Amino acid sequence: MNEFTFARERRNLRLPAAAVVAAGLAAALLGLAPASSEPARKSGYAIGTEACGSGDLAFPRIQIDMKAGFCAGLVASEEDRLKFPRSIVQVPGRDLLVVADMGGWGHTDGRLLLLDPRAPQGQRLKELLTGIEYPFALVIGPDKKLYVSTAETIFRFDPLADNPGSTVETIIRHLPGRRITLPDGKRLDESAHPLKQFVFDRNGRLFVNVGSHSDDCITPAPITKPCAAAEGASALASIWLFAPPAGGVFPALKPGDPDPPHSVYARGLRNSMALALHPKFPDAGYAFLQGENARDLPDLFKPNEEINAIEQGRHYGWPYCYDLSTPSPEFRLVLQSGAYKSFCSANALYKAPLSLLPPHGAPLAMLYYHGYHGAKFPELEGKLLVGLHGYRPTGSRLLVYDVDDHGFPEPSAAPVRYHVSCAAEPTRSFRTDAGEVAAAPFEELIAGWHRVNGARPQGAPVGMTVTEDGAIWLVEDKNKTVIRIDRTAGERPQPLPCDTRSQAMIDQLAAFVARDAQNSVRLTTLRKGLVEKHCVGCHSDFGLSAAQSDAEKDRAVLHFMLAQDGWIYPGDPDAGRLRTRLRGLGAEKLMPPGGESLPKLEPGYTRLLDTADLFVAKMVPGTRMRIKPGPPQRKFFSKANKECGEIPAGKVVVVTQRNAVDRPGFSRFFRPADPYLNGECTDGDGYYIRQELLVPVQ
């Protein structure tokens, strides 16, 4: 039974007045919607009457498809002024947590926040430090103090002090950050991977991710030399080791002090945002694991992400190899001679991945569930948890690996399969160019986190921690949430269905564009001036091939864009991610990379962005109307009078019948902005809304 059904059935019950008052009071205390109303929505999640957790740690339960016995509660959302949360950790011995909110990619928008989960809703977050450049990792050090990374520094501070800023002590100042100079003298104002993940071992040694400056270090062909930025004593795409002085604690740097010396512990690691040390590391044989965010080949299923078993002095392949031993074609000449000859298959320096992860899954968090944590989830004791942030259908999930006595996941013989959300082929086997390969099997603590209209957004987990009561906490950057995972009773709820934009709707929208001569011209302009010139090769090939005609290329690009979740809402360019990403309006990175300079460097680029807005606005024939301010009841209905959702004031719809012939007083419009469609209505005859709620778009 889903929450929508539950809410409808409760409205038919006759409860004593006192019970109704008590239920309403309990719901208010939990921040839940009253049973008689439509579910409230926070950060895109529908909030019903169920809770996850107990006592003063009970939070509104959100509809995520989870392993039986587990539930997820929404602790904080965008209503709590979260902007782009990236990590979370508990203050030792206290029922408080610290959240690193990066604010976006605006350089100094970052904040550190104190979270009191037992405080009333709306009062749970307090600012500790502001104006920080890209805060990311939060780690409790061997001295039990809280350590934080920025793009270039690592510092510690006391989050409970009256003036936390006065307690800041920087221990490293000059890590390679956003602005770097490459060995050839080229200066980059925006390195591709400036964020710093780090971990301490039991001896106080500090291991820091120093990400690559670009996707794959590709320079103009022919490439005849190794990637210079990944070489030497300060190599990028590496894990750097800092050893503390006697006593095991790094001193605070005074003005003019140099950084502590470092060595390159391991290299050839494109971006190590997920690092995990077994509690007994560095004792001989115990695991130091890394989750690799592999290169961005356009193929949805290639390359795979990786779990690497890190050993000092080894090279893990970037940018020369991907998957297990597949050579990067761009470096073919480099792999024919010199130090990197036959590097991917017959070189003692190279260490292949311990296991593959789902392709483009983007592992951004990894930890062992250990010790006192086992009281809540004993079935997870000692296991490895890996969070996948990736926006492709292989990401948005939380994996659980069995490990051996030394903390290593154990690969099984091929075929080993992984899930793909909302795909015609829902599972795939791990494979490389050589065919099916062995991999470590896993189960999914969170399996279904694809977007479902009216119920939830697509999951975007980044930071993860386990608190002293054994609960698992996650933060999502794109959805601006803090989530707590707890124990629950009863059977596992049925997974929510896939209701992304159907192929029939994509075909219908493409037909609208084809019939409009002006919009067809706009599509060709966007394909040539934007997609082919700036976008192909970053994350996808957009379905393009050299053998296609211009018309076929236009159709391929259009179908690709319409199939992407949340990119385009026809008639409403302001609502889609295509506009926010191209113009750098949201918390996510501007696209294409380096796009902030294109309006100055490329005549007509700003006009191209305006063309994209006009293309979306004119996609569906009809009259663009805006939902006007006023009473909160802005519900819309199907032809059969089923209630399909409620659209906030200010949203745009495309009216196809100003006076709906079959519904006096109503206008008929094309599919609304998807987050407001409740999932129980299906496309076909359009949707209906009271005429009095519409005003023309100015």
Side-chain angles (χ1 to χ4, degrees), residues 84 86 102 104-107 109-110 133-137 149-152 175-198 208-220 223 226-232 234-240 264 267-275 290-298 303 305-306 316-322 328 330-331 359-364 389-392 395 462 477-478 534-540 581-582 584 586-598 601:
F84 203 56
R86 302 286 273 172
M102 214 169 82
W105 295 92
H107 305 162
D109 296 336
E133 182 178 63
Y134 296 171
F136 187 81
S149 70
T150 72
E152 297 179 356
L175 294 164
R178 288 195 306 116
R179 301 163 290 267
I180 60 174
T181 301
L182 299 177
D184 63 2
K186 181 180 180 181
R187 181 161 178 84
L188 297 179
D189 289 329
E190 286 292 341
S191 179
H193 303 115
L195 306 183
K196 300 296 181 289
Q197 181 62 278
F198 66 94
V208 183
N209 164 54
V210 178
S212 64
H213 64 292
S214 67
D215 174 35
D216 207 38
C217 198
I218 295 173
T219 57
I223 300 175
C227 178
E231 301 291 326
S234 292
L236 304 181
S238 298
I239 294 174
W240 289 11
V264 174
R267 66 181 73 223
L269 297 160
R270 179 176 174 273
N271 197 24
S272 304
M273 301 309 293
L275 298 173
Q290 180 258 11
E292 175 73 311
N293 288 260
R295 64 177 296 187
D296 290 327
L297 286 177
E305 312 288 41
E306 306 166 6
Y316 290 84
W318 186 91
Y320 312 112
C321 320
Y322 59 87
S328 297
E330 300 87 355
F331 289 90
H360 304 293
L364 296 188
H389 174 267
Y391 64 89
R392 299 197 187 192
V462 191
D477 52 5
K478 295 177 183 177
H534 296 294
C535 301
V536 168
C538 291
H539 293 284
S540 177
R581 293 294 299 276
L582 286 174
E588 298 177 67
K589 272 191 173 181
L590 177 71
M591 69 178 191
E596 63 276 349
S597 62
L598 288 176
L601 297 177

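If you're wondering where the values come from, they're calculated on a predicted model, not measured in any experiment. Values below: every heavy atom of this structure, side chains too, minus hydrogens, waters and symmetry copies. Numbering starts at 1 and runs along the sequence shown.
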Once ring pair (Phe, Tyr, Trp, His ring centres under 6.0 Å) is applied, do any residues pair with Tyr134, and if so which ones, sequence neighbours excluded? Trp105
Pairing residues for Asp109 by the salt bridge (Lys or Arg N to Asp or Glu O under 4.0 Å) criterion, not counting sequence neighbours: none
Any residue meeting side-chain contact (heavy atoms from CB on, under 4.5 Å) with Glu231, in chain and number order, not counting sequence neighbours: Pro226, Tyr320, Tyr340
For Glu596, enumerate each residue passing the side-chain contact (heavy atoms from CB on, under 4.5 Å) test, keeping only those at least two apart in sequence or located in another chain. Glu190, Leu590
Verify side-chain contact (heavy atoms from CB on, under 4.5 Å) between Val210 and Ile239, making sure each step is shown before the conclusion. CA-CA 6 Å; Val210 178; Ile239 294 174; over 6 Å; no
At their closest point, which heavy atom of Pro319 faces which heavy atom of Ser328, and how far apart are they? O-OG, 2.8 Å
Tightest non-hydrogen contact, residues Ile180 and Ser191, listed as CD1-OG, 3.7 Å
Gap separating the OH atom of Tyr316 from the OG atom of Ser238, nearest 0.5 angstrom: 11.5 Å
In Å, rounded to the nearest 0.5 Å, how long is the span from OG of Ser272 to CG of Asn293? 8.5 Å
So does Arg581 get a backbone contact from the side chain of Lys589, meaning a donor-acceptor N/O pair under 3.5 Å? no
Apply side-chain contact (heavy atoms from CB on, under 4.5 Å) to residues Val208 and Leu175 and explain how you reach the verdict. CA-CA 9 Å; Val208 183; Leu175 294 164; 4.1 Å; yes
Walk me through it: do Leu269 and Glu292 pass the test side-chain contact (heavy atoms from CB on, under 4.5 Å)? CA-CA 7 Å; Leu269 297 160; Glu292 175 73 311; 4.2 Å; yes
Got a salt bridge between Arg178 and Glu133, using NZ or NE/NH1/NH2 to carboxylate O under 4.0 Å? yes
State which residues pass ring pair (Phe, Tyr, Trp, His ring centres under 6.0 Å) with Trp240; sequence neighbours excluded, sorted by chain then number. His262
Expected output: side-chain Lys196 to main-chain Pro176 donor-acceptor under 3.5 Å: yes
How would you list, by chain and number, every residue that makes a side-chain contact (heavy atoms from CB on, under 4.5 Å) with Ala229, sequence neighbours excluded? Leu182, Pro183, His213, Cys227, Leu236
Which residues pass the side-chain hydrogen bond (donor to acceptor under 3.5 Å, both in side chains) test with Arg267, sequence neighbours left out? none
Can you tell me how far apart OG1 (Thr181) and CZ (Arg187) are? Round to the nearest 0.5 Å. 4.5 Å
When you check the side-chain N and O atoms of Asp296 and His360, is any donor under 3.5 Å from an acceptor? no
Of all residues at least two apart in sequence or in a different chain, which pass the side-chain hydrogen bond (donor to acceptor under 3.5 Å, both in side chains) check with Ser212? His193
Is the closest side-chain heavy-atom distance between Asn271 and Gln290 below 4.5 Å? no
Does Asp216 pair with Arg270 as a salt bridge, N-O distance under 4.0 Å? no
Just to verify, what does Ser214 make a side-chain contact (heavy atoms from CB on, under 4.5 Å) with, not counting sequence neighbours? Cys217
State which residues pass ring pair (Phe, Tyr, Trp, His ring centres under 6.0 Å) with Phe136; sequence neighbours excluded, sorted by chain then number. none
Looking at every non-hydrogen atom in both residues, tell me the closest pair between Pro303 and Pro359 and how far apart they are. O-CB, 3.3 Å
Least distance between heavy atoms, Phe84 atom then Gly104 atom: CB-N, 3.4 Å
Residues passing the side-chain hydrogen bond (donor to acceptor under 3.5 Å, both in side chains) test with Glu306, sequence neighbours excluded, are Asn308
Run the salt bridge (Lys or Arg N to Asp or Glu O under 4.0 Å) test against Glu152 and tell me which residues pass, sequence neighbours left out. Arg179
Please answer whether the main-chain N or O of Gly291 pairs with a side-chain N or O of Glu305 as donor and acceptor at a distance below 3.5 Å. no
Work out which heavy atom in Ala235 is nearest to a heavy atom in Val264; give both atom names and the distance. N-CG2, 4.0 Å
Once you round to the nearest 0.5 Å, how far does OG1 of Thr219 lie from CZ of Phe331? 6.5 Å
Identify the two heavy atoms, one from Gly390 and one from Ala362, that lie closest to each other, and give their separation to 0.1 Å. N-CB, 3.5 Å
Please test Met273 against Asn209 for side-chain contact (heavy atoms from CB on, under 4.5 Å), starting from the C-alpha separation and ending with a verdict. CA-CA 7 Å; Met273 301 309 293; Asn209 164 54; 3.5 Å; yes
